[in-house]
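Treat the numbers as computed from the prediction; the structure is a model and nothing was measured. For ligands, and for the atoms within them, numbers begin at 1 and follow the listed sequence. In what follows, residues are counted from 1 in the order of the sequence shown.
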Amino acid sequence: MNDAQNTVETAAAGRAPLPFVQRTPLIAGNWKMNLDHLQAIALVQKLSWSLKDARHDYTDVEVAVFPPFTDLRSVQTLLTADKLPIVLGAQDLSPEAAGAFTGDISAAMLAKLGVQYALVGHSERRQGHAEGDELVGAKAAAAHGAGIVPMICVGETAADLEEHGPAAIPLAQMLAAVAQLPEGAEFVVAYEPVWAIGSGQAASAEQAEAVAASLREALRDVVGDDRAAATRILYGGSVSSQNIAGFMSQPNVDGALVGGASLKSDEFSRIIQFRKHVTGA
Ligand code: PEP
């Protein structure tokens, strides 16, 4: 549970506090286009040994990995064989159900592999593949339709930050995607300032909290107080074992989407064990 979450949930003055909901922190590793299936197996094995040594409680802090498509079957087999409670995620999916879509992968195919989360709208897809809000929302809906929880990635570029401030673009991106989900659908939001991704320059914990609080506040109006209180909002962008404790001490930050640092089993393990770190370190 996020310790501070009990008290500081009411970002907007004059509104009733949100109901208290215990949100399980989620630490998710986005491997991007790294690691073949053999390297993937080796990494998950090392990670699981490290977490076993540390007596990690997966019900206290959930752990997910998002390997490339070609690794999913191998990682799934390992997780099943060794009964590892690490959750499998996909980095992308098609908005289409099936058919003549060369190169694409459907939500149903992913669900069959035991995939439980799918990233939608990662900035590298928005920028490198010209994915807009409409498509991101359609992908979120496709994931939900197959029983996969979409992890909606939102975030402002450095230029957006200068022009609109930190929250406007993430808010618009989140609301556009959520609008395409049916009522009651579960989703996770990953706030990832684009300028912080892979740059080594993470946002401050306070910056992340301010945007996460705005996102949660906006969710109240579209999904209601109960779901707004229950929805996990992650921070992503140059997360490391040095800064994770600061993010996790914020009341509206419920986990992290970790890129580069998730490729090193020891470092990712340390991030997952954020509760052991000195608060604010
Ligand atoms: C990401 O791409 O989702 C990410 C957060 O990357 P990094 O941790 O390397 O900044």
Q: Of all the heavy-atom pairs spanning V154 and L215, show the shortest one and how long it is.
A: CG2-CD1, 4.4 Å
Q) Considering only the protein, which heavy-atom contact is closest to atom 2 (O) of ligand 1, and what is its distance? A) K32 NZ, 2.5 Å
Q: Count the heavy atoms belonging to other residues, nucleotides or ligands that lie under 6.0 Å from CD of Q45, then report whether that count exceeds 12.
A: yes
Q) Between the candidates S123, S262, G260, which shows the shortest non-hydrogen contact distance to atom 9 (O) of ligand 1? A) G260
Q. Among all protein non-hydrogen atoms, which one is nearest to atom 8 (O) of ligand 1, and what is the separation to 0.1 Å?
A. G259 N, 2.8 Å
Q: Considering the heavy atoms of G237, write down every atom of ligand 1 situated less than 4.0 Å from one of them.
A: 5 (C), 10 (O)
Q | Minimum-distance pair of heavy atoms, taken over all atoms of S123 and I197 | A | OG-CD1, 3.3 Å
Q) What heavy-atom pair brings A190 and L257 nearest, and what distance separates the two atoms? A) CB-CD2, 3.9 Å
Q: Provide the number and element of each atom of ligand 1 under 4.0 Å from a heavy atom of S238.
A: 7 (P), 8 (O), 10 (O)
(Q) Quick check on K32: does its NZ atom have over 12 non-hydrogen neighbours (other residues, nucleotides or ligands) under 6.0 Å away? (A) yes
Q: Identify the protein heavy atom lying closest to atom 5 (C) of ligand 1, giving its residue, its atom name and the separation to 0.1 Å.
A: E192 OE2, 3.0 Å
**Q.** Donor-acceptor side-chain pairing of S50 and D53 below 3.5 angstrom
**A.** no
Q: For G198, counting its heavy atoms only, list the atoms of ligand 1 lying under 4.0 Å from any of them.
A: 7 (P), 9 (O), 10 (O)
Q. In this structure, which one of D92, I152, N30 forms a side chain to side chain contact (heavy atoms under 4.5 Å, CB included) with L119?
A. N30
Q: Pick one of side chain, backbone, both or neither for how N30 approaches ligand 1, counting any non-hydrogen atom pair under 4.0 Å.
A: side chain
Q) Which atoms of ligand 1 are found less than 4.0 Å from any heavy atom of L257? A) 3 (O), 5 (C)
